[in-house]
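Reviewing the structure listed below.
Order of appearance sets the numbers: ligands from 1, and atoms from 1 within every ligand. Keep in mind that what you see is a predicted model, and the values were worked out from it rather than measured.
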Amino acid sequence: MLNTILVTGGAGYIGSHTTLCLLEKGYEVVVIDNLANASKESLKRVEKLTGKKLTFFEVDLLHETDIHKVLSCHPNIRQVIHFAGLKAVGESTDDPLRYYHNNLTGTLHLLRALESTNIRQMVFSSSATVYGYPTTIPVNEHAPIQPTNPYGHTKAMIEQIILDTIAAYNWGVVILRYFNPVGAHASGEIGEDPAYPNNLLPYITQVAAGVREKVTIFGDDYPTPDGSGVRDYIHVVDLAHAHIAALGALDKQPTGAQLYNVGTGKGYSVKEVLEATQAVVDRPIPVEVGPRRAGDVAELTSDPSRAHAALGWNAKHDLKEMVRSAWHWQSKNPHGYRKQ
Ligand code: NAD
Ligand code: UDP
């Protein structure tokens with residue numbers, strides 16, 4: 001019998017795809033989420049798609065005693081995947097105290113609660129944003145940590161807290177630094193459901209669907225082949241599989257820190273993503289060129305070779321599949337998980 005996994009933030013975008021993957025692989029799953037940026041509907045759909053049951057607790061990591069209650073109800077939990085957190089860069093700059101409180105205090109509560117049990121293994125969602133403005137592209141895990149916004153600082157600080165926890169209490173943690181997760185499950189039943197899309201692909205698909213008027217390219221004067229920003233987009237299903245591989249890596253190496261970039265290693269420009277979407281949706285997508293967005297880098301791509309070697313994991317989906325699945329989700333769910 002496989003381990004029971006606690007998934008924090010499991011109702012969210014990446015958490016719901018990973019929960020689906022865990023259930024498909026035969027894991028038992030306990031999800032906690034405060035639904036600050038998610039809907040229970042995602043988990044209902046995960047159960048329907050897999051034909052399996054999961055356990056859900058509407059719990060806020062800011063309430064430490066509630067985490068203890070969940071852990072005491074489920075003494076069979078052996079590993080944790082910690083997704084829960086706030087993730088909007090702009091919002092973190094406008095309201096840094098909320099971000100530091102939620103992401104740092106929430107994580108500290110979780111770690112303290114786990115430390116009071118015998119659970120010592122965790123996979124943590126970090127981000128390529130910890131690299132800030134990297135000097136070498138593609139970025140490998142040795143690049144300096146120099147975040148440029150409060151959200152990125154919360155990720156860098158949590159990484160440090162985790163390293164200190166490992167050293168003091170002999171834990172095992174895999175830190176995954178995601179590049180740009182996009183796309184949706186092939187069923188079109190679960191996907192990214194932002195209240196307002198800050199990220200490129202959800203914005204483009206909403207414009208294609210007529211929900212928003214036009215896409216603004218944030219700058220076409222970067223030192224990149226077509227002048228628009230280049231990123232390393234990774235299909236969310238590939239990312240979910242990286243978490244399964246990370247749990248396996250913890251089985252093999254139960255203590256110590258493991259740190260991996262999770263991207264495809266291939267960069268696409270904003271204009272290339274627009275062209276790929278245009279080809280998939282087969283309808284006009286109004287576009288304008290605007291100024292650069294503050295804080296953006298010209299290019300950010302990963303060197304994922306360490307994850308390939310150590311986790312035996314590789315991304316399988318190309319840009320076309322990322323775009324096609326994002327559009328399938330958008331078309332099937334014009335209002336996301338809401339009824340209208
Ligand atoms: P998401 O917002 O869809 O999921 C995060 C989940 O955490 C939400 O369901 C939210 O309700 C929950 N949550 C937030 N604060 C909580 C709290 N105090 N207690 C309990 N639940 C709480 O985001 P996502 O895109 O699925 O991201 C998952 C993780 O991956 C986050 O930690 C994010 O920072 C990180 N990440 C995301 C991206 C990306 O582009 N999506 C890139 C790099 C890293
Ligand atoms: N971008 C854009 N228009 C948008 C949103 C994003 O041109 O409406 C660009 C952005 O400048 C970056 C790329 O698309 O070059 C990816 O941005 P996103 O916000 O999706 O991810 P980031 O890498 O900034 O976290």
Between K316 and E321, does at least one N-O distance fall below 4.0 Å, as a salt bridge requires? no

Among protein heavy atoms, which sits nearest to atom 14 (O) of ligand 2, and what does the distance come to when rounded to 0.1 Å? V270 CG2, 3.5 Å

Heavy-atom nearest option to atom 20 (O) of ligand 2, drawn from V230, L200, I204: L200

Does an N or O anywhere in Y13 fall below 3.5 Å from an N or O of ligand 1? yes

Give me the residue, atom name and distance of the protein heavy atom closest to atom 3 (N) of ligand 2. T216 O, 2.8 Å

What I want to find out is whether E189 reaches K332 closely enough, with some N-O distance under 4.0 Å, to be called a salt bridge. yes

Heavy-atom contact check, 4.0 Å cutoff: does R177 meet ligand 1? no

Looking only at protein heavy atoms, what sits closest to atom 37 (C) of ligand 1 is I14 CD1, 3.8 Å

To check your reading of the model: name the closest protein heavy atom to atom 2 (O) of ligand 1, its residue, and the distance in Å. N37 ND2, 2.7 Å

Between E47 and K52 (salt bridge meaning N to carboxylate O under 4.0 Å), is one present in this structure? no

Test side chain to side chain contact (heavy atoms under 4.5 Å, CB included), reference Q79, set L250, V123, T4, V174, output is L250

Nearest protein heavy-atom contact for atom 19 (N) of ligand 1: which residue, which atom, what distance? L61 N, 2.9 Å

Give me the nearest non-hydrogen protein atom to atom 18 (P) of ligand 2 as residue plus atom name, then the distance to 0.1 Å. N199 ND2, 3.4 Å

Does this structure show an ion pair linking R338 with E41, if we count only N-O contacts that are shorter than 4.0 Å? no

Within 45 degrees of the ring normal and closer than 6.0 Å to the centroid, is that where the cationic atom of R292 sits relative to Y222? yes

Please write down residue, atom name and distance for the protein heavy atom closest to atom 21 (O) of ligand 2. N180 ND2, 3.1 Å

What part of V89, side chain, backbone, both or neither, has a heavy atom within less than 4.0 angstrom of ligand 2? neither

If you have a sec, work out which protein heavy atom is nearest atom 34 (O) of ligand 1 and how many Å separate them, to one decimal? Y151 OH, 2.6 Å

Where is the nearest protein heavy atom to atom 22 (C) of ligand 1: which residue, which atom, and how far? N34 OD1, 3.1 Å

Checking K155 against Y151: charged group under 6.0 Å from the ring centre and within 45 degrees of the axis? no

Heavy-atom contacts with I217 under 4.0 Å: which atoms of ligand 2 show up? List them by number with element. 7 (O)

Considering only the protein, which heavy-atom contact is closest to atom 5 (C) of ligand 1, and what is its distance? G85 O, 3.7 Å

Kindly confirm or rule out an N or O of K87 lying under 3.5 angstrom from an N or O of ligand 1. yes

Atom 15 (N) of ligand 1: closest protein heavy atom, distance to 0.1 Å, is N102 ND2, 3.1 Å

As an exercise, identify every atom of ligand 2 less than 4.0 angstrom from a heavy atom of N198. 5 (C), 19 (O)

Contact between T154 and Y100 at the side-chain level, heavy atoms closer than 4.5 Å - yes or no? yes

Are any of the heavy atoms in D296 under 4.0 Å away from ligand 2? yes

Output, in order, the C-alpha distance, side-chain angles, deciding distance and verdict of side chain to side chain contact (heavy atoms under 4.5 Å, CB included) for D251 and N3. CA-CA 10 Å; D251 292 334; N3 291 339; 3.9 Å; yes

N/O separation below 3.5 Å, I32 to ligand 1: no

Nearest protein heavy atom to atom 23 (O) of ligand 2, by residue and atom, and its distance? R231 NE, 2.7 Å

Output yes when the distance from some N or O of ligand 1 to some N or O of F83 is under 3.5 Å, and no in every other case. yes

Among protein heavy atoms, which lies nearest atom 8 (C) of ligand 1, and at what distance? D33 OD2, 3.6 Å

Can you confirm, on distance only, whether ligand 2 has an N/O atom lying under 3.5 Å from any N/O atom belonging to F218? yes

Tell me whether ligand 2 is touched by Y233 - counting only heavy atoms on the residue side and a distance under 4.0 Å. yes

Between Y178 and ligand 1, does any nitrogen or oxygen pair lie at a separation below 3.5 Å? no

Residue R293 vicinity, atoms of ligand 2 by number, heavy atom under 4.0 Å: 10 (C), 17 (O), 18 (P), 19 (O), 24 (O)

Closer than 3.5 angstrom, by distance alone: can the side chain of H235 be matched with the main-chain N or O of G183 as a donor-acceptor pair? no

Looking only at heavy atoms of V59, does any of them come nearer than 4.0 Å to an atom of ligand 1? yes

Could you see which bit of L300 sits under 4.0 Å from ligand 2, with heavy atoms only: side chain, backbone, both or neither? neither

